[in-house]
Amino acid sequence: MKPLLSQVEDQDSLQTLGRASVQIVHDLKNQLNGLKLYATFLKKRMEKSERPADEQETVAKLMAGIERAASDLSTLVQFGRPIELKRQPGIDLQKIMRSVVTALSTPAGATGALNGQFVLESAETSLPGEFDPMMLAEAFKAISVGALKARPANDGAAPLKINMSHEQSQGSAVIEWLGLSLDHDPFASFAGSDEIRMSLAAKIISAHGGTAKHDRDALRISLPLAI
């Protein structure tokens with residue numbers, strides 16, 4: 001009978017598998033970038049030769065699919081590596097969220113869920129702490145886009161409510177995306193582009209000493225403050 005691996009050996013095996021997986025995903029991303037280059041060249045040739053519109057549309061869709069796949073692989077590579085934060089003191093979570101909401105609500109260049117409207121509510125004037133503003137903006141954007149797509153179908157174009165509060169007993173900020181319909185945890189899922197990014201967002205929140213949780217009708221994160 002094959003002996004059972006010790007806990008240390010098991011952890012070493014998982015770490016080795018994780019590193020190998022990241023490298024494989026990175027190599028796949030490079031191959032997709034090569035395919036994108038050839039598809040771009042083909043698209044330009046077809047435009048010059050005035051090929052039928054449906055053929056040019058097919059190539060455009062091919063390029064869009066390659067770009068989505070490459071972007072997802074980039075996110076997986078990022079997820080598989082340690083989060084390296086560039087913390088700055090006095091960063092206001094409300095300012096980060098407002099900038100994210102403003103960017104997602106801007107129609108120019110946005111499609112689908114990114115055109116959704118938000119209602120941002122907070123009883124606090126500021127929620128400061130020592131954070132990496134760029135990483136948190138990326139996380140807030142991923143969660144907000146995922147939340148928009150997790151609204152009940154009968155909500156139509158109803159605004160997505162985001163509530164920000166200060167939980168003084170814990171010394172933390174709580175951010176909630178409300179009015180959703182969830183049957184699983186999107187912070188621990190890789191079922192599609194949005195949830196890959198939400199899983200990375202949860203890892204970024206955790207690296208800041210916070211938590212990311214879900215209920216059937218809400219997404220909820222907490223982050224430690226320095227007030």
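Predicted, not measured: the structure shown is a model, and the values here were computed from it.
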Quick check: does any side chain N or O of Ser206 sit under 3.5 Å from a backbone N or O of Ala202, one acting as donor and the other as acceptor? no
Decide side chain to side chain contact (heavy atoms under 4.5 Å, CB included) for Leu200 and Ile83; before the verdict, give the C-alpha distance in whole Å, the side-chain angles of both, and the deciding distance to 0.1 Å. CA-CA 10 Å; Leu200 176 58; Ile83 300 294; 4.1 Å; yes
Using the salt bridge (charged side-chain N to carboxylate O under 4.0 Å, His left out) criterion, which residues pair with Lys86? Sequence neighbours excluded. none
Can you list the residues that meet the salt bridge (charged side-chain N to carboxylate O under 4.0 Å, His left out) rule with Glu176, with sequence neighbours excluded? Arg220
Sequence-distant partners of Lys161, side-chain hydrogen bond (donor to acceptor under 3.5 Å, both in side chains), two or more places apart: Glu121
Hey, mind stepping through Ile205 and Leu136 against side chain to side chain contact (heavy atoms under 4.5 Å, CB included) and telling me if it holds? CA-CA 7 Å; Ile205 300 299; Leu136 280 184; 3.8 Å; yes
So how far is it from Met198 CE to Ser144 OG, rounded to the nearest 0.5 Å? 9.0 Å
Donor-acceptor contact present, side-chain Arg151 to main-chain Leu148, <3.5 Å: yes
Supply the atom-to-atom distance Leu93 CG to Met164 CE, rounded to the nearest 0.5 angstrom. 5.5 Å
Run the side-chain donor-acceptor check on residues 180-187: report pairs under 3.5 Å with partners two or more places apart or on a different chain.
| from | atom 1 | to | atom 2 | distance (Å) |
| --- | --- | --- | --- | --- |
| His184 | NE2 | Glu195 | OE1 | 3.1 |
| His184 | NE2 | Glu195 | OE2 | 2.7 |
| Asp185 | OD1 | Phe187 | N | 2.9 |

Supply the atom-to-atom distance Leu225 CG to Glu167 CD, rounded to the nearest 0.5 angstrom. 10.0 Å
His208 meets the ring-ring contact (aromatic ring centres under 6.0 Å, His included) criterion, sequence neighbours left out, with Phe131
Between the OG atom in Ser222 and the NZ atom in Lys213, the distance rounded to the nearest 0.5 Å is 7.0 Å
Linking I/L/V/M/F/W/Y whenever their side-chain heavy atoms sit closer than 4.5 Å, directly or via other members, would Leu178 and Ile143 fall into one cluster? no
Taking salt bridge (charged side-chain N to carboxylate O under 4.0 Å, His left out) as the definition, give me every residue that meets it alongside Asp92, ordered by chain and number, with sequence neighbours left out. none
If you compare all heavy atoms of Ser126 against all heavy atoms of Gln94, which two are closest, and at what distance to 0.1 Å? N-NE2, 3.3 Å
Are Leu120 and Trp177 grouped together when hydrophobic residues (ILVMFWY) are joined by side-chain heavy atoms under 4.5 angstrom apart? yes
Linking I/L/V/M/F/W/Y whenever any side-chain heavy atoms sit under 4.5 Å apart, do Val174 and Met97 land together? no
How long is the gap from CD1 on Ile204 to CZ on Arg197, to the nearest 0.5 Å? 11.5 Å
If you take all heavy atoms of Pro152 and Gly179, which pair is closest and at what distance? CD-O, 3.2 Å
Within the structure provided, determine whether Leu219 and Ile175 are in side-chain contact (heavy-atom separation under 4.5 Å). no
Closest contact, heavy atoms only, Ala173 versus Leu127: CB-CD1, 4.2 Å
Donor-acceptor contact present, side-chain Ser199 to main-chain Ser189, <3.5 Å: yes
To the nearest 0.5 Å, atom CG of Leu223 lies from atom OG of Ser172 at 8.0 Å
